[in-house]
Student: 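Just passing along the structure, written as structure tokens.
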There are 2 protein chains.
Amino acid sequence: MSKLDESLLTGLPPFSLLERSQIREILDQALPKRYDEGAEIFHEGHDAERFHLLLDGYIRVVKTTEGGEQIIALHISPGQLFGIAPALNRDTYPATAIAASESLALSWPVRLWGEFTTKYPGFATESYSTLGQRLGEMQTRITELATQAVEQRVAAALLRMVTQSGRKVDEGIEIAFPVTRRNISEMTGTTLHTVSRLLSAWEKDGIVHSTRKHIVVTAPHRLVLLSGAQG
Amino acid sequence: MSKLDESLLTGLPPFSLLERSQIREILDQALPKRYDEGAEIFHEGHDAERFHLLLDGYIRVVKTTEGGEQIIALHISPGQLFGIAPALNRDTYPATAIAASESLALSWPVRLWGEFTTKYPGFATESYSTLGQRLGEMQTRITELATQAVEQRVAAALLRMVTQSGRKVDEGIEIAFPVTRRNISEMTGTTLHTVSRLLSAWEKDGIVHSTRKHIVVTAPHRLVLLSGAQG
DNA sequence: GGACCACTTTGTCCTTCAGCAAACTTGCGG
DNA sequence: CCGCAAGTTTGCTGAAGGACAAAGTGGTCC
């Protein structure tokens with residue numbers, strides 16, 4: 001593994017305001033690792049031995065029910081910490097992390113968590129803000145699941161992915177990682193069949209254009225209408 | 001308001017391990033307040049000026065959708081901190097808190113949050129553990145909503161309330177605060193009608209006994225079966 | 001180039017549960 | 001003690017969407 005460059009961390013929220021030497025030190029203790037699409041990074045229930053920072057790619061955080069069904073809890077984008085069980089005094093991971101696309105992540109042993117939070121003021125603050133945001137998102141998903149119809153939930157899920165990872169292409173905005181119908185159904189609590197039907201309908205209406213594992217949203221504003229209070 | 005007694009806080013997780021003089025100091029800065037059933041303690045979106053500790057009673061934390069529907073996010077029991085937006089660097093409350101029964105709570109201005117967390121080691125740790133648990137519960141609710149049928153969700157909601165606040169009576173275990181059918185429907189994402197039908201059926205089966213705003217679970221084990229993978 | 005595999009599409013049926021409506025019960029305030 | 005409000009029960013109907021089935025379509029590996 002080649003020597004890591006400091007520019008990797010410079011400007012990332014958790015490490016902003018740090019001096020070059022500090023970043024060097026943090027980096028020297030990091031273990032970089034590449035993950036293929038579909039590769040597991042850590043598993044629900046296992047001992048939380050390391051915490052992670054995603055540098056490139058996208059991560060799906062997944063929970064499995066006793067019935068064997070999977071629920072996608074959230075997606076991680078580059079620059080975000082994940083698997084930060086130590087922040088909440090947990091000693092096992094509460095969910096499984098899987099690379100949604102080919103990804104690169106750094107990780108540190110949990111014992112460094114305490115060191116980082118005390119040594120670098122911004123680090124703790126930033127981490128807990130992240131947690132706060134995630135809590136808010138989960139709130140939103142709960143109210144969505146509790147009050148909205150399937151069509152609205154699927155529209156909202158697409159918009160969330162677009163917002164988090166959308167990149168401009170000439171047709172519209174493309175979700176930057178592979179997504180299957182099944183994936184979407186696991187984000188919205190429905191079946192892949194229903195998702196397929198919805199996407200087909202939207203395709204016909206010119207709202208989205210989707211190929212095998214890729215989705216381009218061509219009319220985001222119409223999707224917003226579908227996701228909102230009334231269509 | 002009469003002088004507060006130190007025994008109020010002694011032994012409560014957030015303040016365990018503290019010396020008498022420290023507890024005295026904390027208590028002297030606290031504002032105690034009594035709330036009638038249904039009274040609002042703070043409102044979603046308002047400036048988070050204080051954080052709270054529930055001493056007696058039960059609090060419902062509620063989120064309102066644009067459509068005006070309410071979703072009950074969680075219940076707070078005595079001894080728990082709530083409205084701890086500052087822990088996540090939020091400056092507004094993410095939800096509304098309402099007394100589910102007559103309640104007594106202490107509160108402190110948010111500026112003391114930093115002081116408490118730095119001065120009293122156990123305080124921060126304990127607070128973040130609480131947050132971790134809540135995050136876990138929300139996860140569970142999301143998977144429930146996404147994968148389980150209404151009957152299972154309602155059974156699970158009753159069990160959750162029983163676990164959190166159940167007190168033994170001769171018929172079985174009673175939920176310690178008033179709960180209406182509508183409340184349950186707001187916890188489970190269904191309608192009060194459906195909840196009413198379920199409770200009636202369970203009453204006939206001898207699983208619960210419910211009066212107007214009170215529920216006694218007479219056969220918890222059967223409820224567990226209903227909430228589980230298969231009924 | 002062919003075979004297999006993963007993903008998708010589409011059709012049909014059937015259950016669950018939300019929506020609507022209306023009567024009933026309980027408790028409280030005057 | 002009466003009237004009203006809040007909470008509950010119950011019936012009926014219809015639509016949403018899950019379950020099952022089966023065929024279509026890329027993509028990839030040999």
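Below, read A as the first sequence line, B as the second, and so on, with proteins coming before strands; counting in each chain starts at 1.
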Student: Between D:dA23 atom P and A:H193 atom NE2, what is the distance in whole Å?
Tutor: 15 Å
Student: Counting distance only, does the side-chain N/O of B:E174 pair as donor-acceptor with the main-chain N or O of B:G166 below 3.5 Å?
Tutor: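 Not confirmed, B:E174 side chain does not pair with B:G166 backbone.
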Student: Taking any heavy-atom pair under 4.0 Å as a contact, classify A:R212: base, sugar-phosphate, or nothing.
Tutor: base
Student: Check this for me: does any side-chain nitrogen of one of B:D170 and B:K168 sit under 4.0 Å from a carboxylate oxygen of the other?
Tutor: no
Student: Under 4.0 Å between a side-chain N/O of A:S200 and OP1 or OP2 of C:dT8, yes or no?
Tutor: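 No, outside the criterion.
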Student: Could you tell me the separation between the CG atom of B:N183 and the P atom of D:dA6, rounded to a whole number of Å?
Tutor: 14 Å
Student: With no hydrogens and no angle check, is any side-chain donor or acceptor of B:R141 less than 3.5 Å from a backbone partner on B:G136?
Tutor: no
Student: To the nearest Å, give me how far apart CZ (B:R182) and C1' (D:dT9) are.
Tutor: 15 Å
Student: Round to the nearest Å and state the distance from B:R197 atom CZ to C:dC17 atom C1'.
Tutor: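 Computing the B:R197:CZ to C:dC17:C1' distance gives 9 Å.
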Student: B:S196 near the nucleic acid: base, sugar-phosphate alone, or nothing, with a heavy-atom cut-off under 4.0 Å?
Tutor: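 Base, at least one base heavy atom under 4.0 Å.
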Student: Would the distance check show the side chain of B:T188 and the main-chain N or O of B:R153 forming a donor-acceptor pair, the cut-off being under 3.5 Å?
Tutor: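 Not a single qualifying donor-acceptor pair exists.
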Student: Within the 4.0 Å heavy-atom criterion, would you say A:T190 contacts the bases, only the backbone, or no part of the nucleic acid?
Tutor: sugar-phosphate
Student: Check every atom of D:dG7, C:dA18, C:dT10 against the side chain of B:T194 and return the nucleotide holding the closest atom.
Tutor: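 Closest of the options to the side chain of B:T194: C:dA18.
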Student: Between B:E37 (CD) and D:dA6 (P), how many Å, whole number?
Tutor: 13 Å
Student: Given atom CG of B:L145 and atom C1' of D:dG17, what is their separation to the nearest angstrom?
Tutor: 17 Å
Student: What integer distance in Å separates B:R181:CZ from D:dA6:P?
Tutor: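 Spelled out: CZ on B:R181 to P on D:dA6 is 17 Å.
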Student: Examine distances only and state if a side-chain atom of B:S210 and a backbone atom of B:H214 form a donor-acceptor pair shorter than 3.5 Å.
Tutor: no
Student: For the side chain of B:V150, counting heavy atoms from C-beta on, which of C:dC17, D:dT9, D:dG11 is nearest?
Tutor: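 That would be C:dC17.
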Student: Quickly work out the A:L192 CG to D:dG18 C1' distance and round it to whole Å.
Tutor: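 Rounded to the whole Å, the gap is 11 Å.
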